[in-house]
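Reading through the structure tokens given below for one structure.
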Amino acid sequence: MMNMIQDAKDQVLALTNTAYSLAAAAGQLPGGVEVRAGVEIPKDPANGDYTTTFALAAAKAMRKSPREIAGILLEHIDLTGSYFASAEIAGAGFLNFRLAPAWFTGVLAAVDSEKEAYGRSSALAGQKVMVEFVSANPTGPMHMGNARGGVLGDTLASVLEAAGADVWREFYVNDAGNQIEKFATSLEARYLQILLGEDAVAFPEDGYHGDDIKELAQSFYETHGDSFRDTPTEERHAALAAFGLERNIPKMKSDLLRYKISYDQWFFESGLHESGYVAETVQKLTDRGYTYEKEGALWLATSRILEENYRKAGKSEKEIAKLDLKDDVLRRANGFYTYFAADIAYHRNKFEERGFDRVINIWGADHHGHVARLKGAMDALGLDGTNRLDIVLMQLVKLLRDGEVVRMSKRTGKAISLTDLLDEVPVDAARWFFNAKPDTQMDFDLGLAVREDSENPIYYVEYAHARICSLLRNLAGEGYAVPAMDGVDASLLSGEAEIALIKQISLFCEELRLAARDYDPSHINRYLVDLAGCFHRFYTACRIKGEEPTLLAARLKLADASRMVLKNGLKLLGVDAPEKM
């Protein structure tokens with residue numbers, strides 16, 4: 001796929017290197033100097049469209065001033081057939097290049113030929129990547145952290161797919177271990193309270209106190225009556241947990257589908273235990289010499305593993321000593337494996353059994369202490385967790401209404417869940433706002449999310465798309481169809497607003513690249529707001545209807561290219577691109 005910005009940068013370097021070779025051959029510059037020069041887009045268009053630091057980077061080796069080198073290079077730069085109309089020296093020795101109409105035509109041609117594929121690349125082609133996200137405990141409703149993680153994970157997966165990766169979306173179901181035992185104990189207490197009275201049965205202090213537990217216990221009673229009153233505790237717990245999970249997990253799936261999120265697989269922790277994979281994984285760590293026994297429990301030598309990794313990374317002994325590293329229990333004295341042991345087995349499964357080249361987890365920031373430990377465990381297994389396992393930590397969400405923090409749902413009187421949120425805010429607005437930069441705490445303004453004006457960024461962007469669709473319909477009714485590219489004279493698009501809009505369209509490829517590189521899909525949100533702004537300014541400044549045919553055709557093509565890129569960006573975010581508003 002074409003990336004006109006990268007093509008222009010590559011051409012600047014090629015033109016400069018050719019000029020250097022010619023100058024060296026003419027004896028004007030010393031030959032054989034390897035120059036590592038950058039090419040950037042100046043913030044101020046007065047400094048040209050692209051600039052290279054070639055002369056500054058070469059000055060020391062060539063023993064000449066940057067401006068002298070730049071002047072010699074300029075004598076040998078031939079812009080014939082290039083994307084550039086002119087080149088000039090600026091400042092301390094920068095070489096600035098100004099774009100010619102051919103580049104602007106190339107941008108429109110790229111959108112015209114690639115359409116829905118515009119912006120995509122093959123940068124990550126051949127890479128098999130898993131994105132694991134949400135993975136909420138199936139013991140209760142999903143909360144705001146899950147709502148944010150769902151969008152970040154799903155959108156990041158889409159961005160990585162657009163960059164050419166083979167992406168797999170996965171939800172890890174924690175259906176084993178302590179939280180399920182607590183779930184069962186909580187359900188048991190509520191069930192027995194129904195049978196024997198609330199005063200007769202104490203509710204565990206560390207149990208799940210939500211109304212959803214009461215509702216599940218009531219459903220269990222309505223289904224089974226008192227048949228589990230006198231059964232052994234273990235049997236009753238198993239039945240209650242199974243009953244609760246059979247209802248909670250489908251509800252989670254339906255809530256996430258409503259949120260436009262679906263997974264390639266829901267992976268169950270219980271399967272790792274039942275298959276013996278957790279025990280096998282722990283044995284592998286033992287065989288590699290990374291475990292030891294203490295007080296009847298089996299421990300992972302996490303501190304030793306991390307010390308080895310930190311030394312490899314160049315940390316000093318003093319820095320390592322400050323880290324207060326601790327070891328982790330893998331198997332308790334009672335024979336039960338810890339959650340950490342299961343998590344190690346799960347990630348070994350991702351790499352070793354299913355062959356993912358890279359694994360990305362979306363976690364809450366409160367899990368930051370777990371990152372290095374899990375990476376280290378993968379390293380101890382020989383799976384290179386340091387380089388192949390990536391964790392995106394997301395900060396907390398604060399819900400606001402009229403500037404006040406909101407914690408309870410007006411409808412239910414309970415803590416706001418994903419379901420409550422989607423009852424109040426359109427799905428597209430929720431997806432847009434939650435796709436904020438992961439490492440910043442976000443304020444979700446419930447009032448702003450439902451506003452229908454330019455203050456609401458999702459409305460502003462969707463309105464730009466709908467406005468173009470309306471324009472195209474109206475002009476089609478007058479007999480003006482969007483022309484083929486060979487019928488467009490892009491050199492007519494020379495006004496400030498037109499040039500700015502074409503440049504913004506070209507940036508989509510670059511922003512998509514950065515979103516994939518940084519694991520930050522919010523690049524797309526910011527880009528779309530800027531693109532919508534550029535289009536609205538173009539539409540205000542440049543008349544289309546009533547212009548002479550060649551100018552009308554060029555501007556109509558530019559409007560349609562804007563529509564295509566807006567649609568592509570919104571699709572990556574899982575957001576609709578309405579044709580009418």
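In this chain, residues are counted from 1 in sequence order.
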TODO: Measure from the side-chain N and O atoms of R148 to the backbone N and O of G364, and report whether any donor-acceptor pair falls under 3.5 Å.
DONE: no
Open item on the list: Please determine whether the number of non-hydrogen atoms from other residues, nucleotides or ligands lying under 6.0 Å from atom CG of D453 exceeds 12.
Closed with: yes
Open item on the list: Take a 6.0 Å sphere around CG of D199 and say whether it holds more than 12 heavy atoms from other residues, nucleotides or ligands.
Closed with: no
- [ ] Taking atom CD of E579 as the centre, report whether more than 12 heavy atoms of other residues, nucleotides or ligands fall under 6.0 Å from it.
- [x] no
Task: Heavy-atom closest pair, residues L566 and A464 - done: CD1-CB, 3.9 Å
Task: Pairs touching residues 416-440 that satisfy ring-ring contact (aromatic ring centres under 6.0 Å, His included), sequence neighbours left out - done: F433-F444, F434-F444
Open item on the list: Could you report the tightest heavy-atom contact between R431 and V575, atom names first, then the distance?
Closed with: CB-CG2, 4.3 Å
Task: Within-4.5 Å side-chain heavy-atom neighbours: L374 and D343 - done: yes
Open item on the list: Cation-pi check for F133 against R169: NZ or CZ below 6.0 Å from the six-membered ring centre and within 45 degrees of the axis, yes or no?
Closed with: no
Task: Cationic N near anionic O, under 4.0 Å, D520 to R526 - done: yes
TODO: Of all the heavy-atom pairs spanning M252 and M142, show the shortest one and how long it is.
DONE: O-CE, 3.6 Å
Task: Approximate separation, where rounding is to 0.5 Å, of M394 CE and H367 NE2 - done: 9.0 Å
Open item on the list: How long is the straight-line distance from CD of E116 back to CE of M564, given to the nearest 0.5 Å?
Closed with: 4.0 Å
Task: Electrostatic pair K260-D576, nearest N-O below 4.0 angstrom - done: yes
TODO: Nearest 0.5 Å please: distance from the CG atom of L245 over to the CD1 atom of I180.
DONE: 4.5 Å
Open item on the list: Can you tell me how far apart CZ (F356) and CZ (R388) are? Round to the nearest 0.5 Å.
Closed with: 11.0 Å
TODO: Could you verify whether a donor N or O on one side chain and an acceptor N or O on the other, from H347 and N361, lie under 3.5 Å apart?
DONE: yes
Task: Mutual orientation of the aromatic rings belonging to Y346 and F267 [parallel < 30°, tilted 30-60°, perpendicular > 60°] - done: tilted
Task: Contacts of D287 that satisfy side-chain contact (heavy atoms from CB on, under 4.5 Å) - sequence neighbours left out - done: Q283
Task: Rounded distance (nearest 0.5 Å) linking atom CG of N568 with atom CG of L512 - done: 9.5 Å
Open item on the list: Using a 6.0 Å cut-off, check whether atom NZ of K571 has over 12 heavy atoms from anything other than its own residue.
Closed with: no
Open item on the list: Regarding E170 and R354, does a basic nitrogen lie under 4.0 Å from an acidic carboxylate oxygen?
Closed with: yes
Open item on the list: Going by salt bridge (charged side-chain N to carboxylate O under 4.0 Å, His left out), D255 matches just one of K251, K253, R258. Which one?
Closed with: K251
Open item on the list: Is the ring pair F220/Y191 parallel, tilted or perpendicular, if the boundaries are 30 and 60 degrees?
Closed with: perpendicular
Task: Residues which pass side chain to side chain donor-acceptor pair (under 3.5 Å) with E246, listed by chain and number, not counting sequence neighbours - done: none
Task: Over 12 foreign heavy atoms within 6.0 Å of CD, E404 - done: no
Open item on the list: Donor-acceptor pair, distance only, cut-off 3.5 Å: does the side chain of S522 make one with the backbone of N525?
Closed with: no
- [ ] Verify, without hydrogens or angle tests, whether H209 (side chain) and E205 (backbone) share a donor-acceptor contact under 3.5 angstrom.
- [x] yes
Open item on the list: Do the side chains of R311 and E307 get close enough for a salt bridge, i.e. N-O under 4.0 angstrom?
Closed with: yes
Task: Side chain Q179, main chain N174, donor-acceptor under 3.5 Å - done: yes
TODO: Can you label the angle between the W266 ring and the Y263 ring as parallel, tilted or perpendicular, going by 30° and 60°?
DONE: perpendicular
- [ ] Determine whether the side chains of N349 and Y277 contain a donor N or O and an acceptor N or O closer than 3.5 Å.
- [x] no
Task: Flag if over 12 foreign heavy atoms under 6.0 Å of CD, E452 - done: no
- [ ] Check whether any side-chain N or O of Q193 sits under 3.5 Å from a backbone N or O of V201 as a donor-acceptor pair, and report yes or no.
- [x] yes
Task: Distance-minimising heavy-atom pair for M378 and G385 - done: CB-CA, 3.5 Å
Task: Atom pair CD (E215) and CZ (R247), whose distance is rounded to the nearest 0.5 Å - done: 13.0 Å
TODO: Mind listing the closest non-hydrogen atom pair of A430 and L421 along with its distance?
DONE: CB-CD2, 4.3 Å
Task: SB check D327 K294 (cutoff 4.0 Å) - done: no
Open item on the list: Set out, in order, the CA-CA distance, both residues' side-chain angles and the distance that settles salt bridge (Lys or Arg N to Asp or Glu O under 4.0 Å) for E510 and R513, then state yes or no.
Closed with: CA-CA 5 Å; E510 186 67 5; R513 182 187 72 82; 2.7 Å; yes
- [ ] Determine the minimum heavy-atom distance between Y460 and V529, stating which atoms define it.
- [x] CE2-O, 3.7 Å
Task: Heavy atoms of other groups near E235 CD, more than 12 under 6.0 Å - done: yes
